[in-house]
Chemist: 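Starting off with a structure, shown below.
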Amino acid sequence: RSEYLQVTCTLSSPTDHLQLQYNKDYLSVTLNGVSQLQNVIMGSDYFRIVPGGNAISLTGTSISSGSYATVAYYSGYALA
């Protein structure tokens with residue numbers, strides 16, 4: 001079973017920045033700093049990134065060869 005988080009929006013400029021942040025208590029989806037929560041598709045899965053390898057893909061209707069995604073993971077535990 002595939003897990004996904006799908007957002008319907010248009011990235012019309014190479015400088016557009018779609019950001020998704022979530023944990024068990026919080027979800028934020030912004031496009032250039034403007035909320036896009038209303039554009040998260042019903043049925044999206046809020047999946048977990050687990051230790052080790054995680055396959056993540058970027059798809060769309062017109063993804064070009066210059067498109068990229070950056071994924072950042074932050075542990076819930078402090079490094080004391």
Side-chain angles (χ1 to χ4, degrees):
R1 178 186 111 125
S2 294
E3 296 177 314
Y4 63 93
L5 186 60
Q6 182 176 347
V7 181
T8 299
C9 66
T10 300
L11 305 175
S12 56
S13 165
T15 59
D16 283 347
H17 181 230
L18 178 65
Q19 182 174 21
L20 299 93
Q21 293 182 307
Y22 70 94
N23 63 34
K24 67 180 187 69
D25 298 319
Y26 176 80
L27 171 65
S28 170
V29 179
T30 60
L31 175 58
N32 300 327
V34 178
S35 177
Q36 298 296 303
L37 282 175
Q38 73 278 9
N39 294 324
V40 174
I41 300 300
M42 284 186 72
S44 291
D45 294 318
Y46 299 98
F47 58 92
R48 294 181 182 176
I49 295 186
V50 296
N54 291 267
I56 296 176
S57 63
L58 172 66
T59 60
T61 56
S62 60
I63 298 291
S64 69
S65 61
S67 300
Y68 68 94
T70 302
V71 178
Y73 169 81
Y74 300 97
S75 173
Y77 299 98
L79 299 174

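Count residues from 1 along the sequence. Keep in mind it's a predicted model, so treat the numbers as computed, not measured.
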Chemist: Rounded to the nearest 0.5 Å, what's the gap from CG on Leu20 to CD on Gln6? Could you check?
Modeler: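 Output value for this atom pair is 11.5 Å.
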Chemist: Can you tell me which residue among Val34, Asn32, Val40 is in a side-chain contact (heavy atoms from CB on, under 4.5 Å) with Gln36?
Modeler: Val34
Chemist: What is the minimum heavy-atom distance between Leu31 and Cys9, and which atoms define it?
Modeler: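 Leu31 and Cys9 have their closest heavy atoms at CD2-CB, 4.4 Å.
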Chemist: Atom CG of Leu27 and atom CG of Leu5: how far apart are they, to the nearest 0.5 Å?
Modeler: 7.0 Å
Chemist: Looking at residues at least two apart in the chain, or sitting in another chain, which of them share a side-chain hydrogen bond (donor to acceptor under 3.5 Å, both in side chains) with Asn54?
Modeler: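 So Asn54 forms no side-chain hydrogen bond (donor to acceptor under 3.5 Å, both in side chains) with any residue.
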Chemist: If Ile, Leu, Val, Met, Phe, Trp and Tyr residues are connected whenever their side-chain heavy atoms lie under 4.5 Å apart, and connections chain through other members, are Leu37 and Leu11 in the same group?
Modeler: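 In one cluster: yes.
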Chemist: Using the test side-chain contact (heavy atoms from CB on, under 4.5 Å), find all partners of Ser13 that sit at least two apart in sequence or belong to another chain.
Modeler: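 Ser13 satisfies side-chain contact (heavy atoms from CB on, under 4.5 Å) with Thr15, Asp16 only.
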Chemist: Mind checking what makes ring pair (Phe, Tyr, Trp, His ring centres under 6.0 Å) contact with Tyr4, not counting sequence neighbours?
Modeler: none
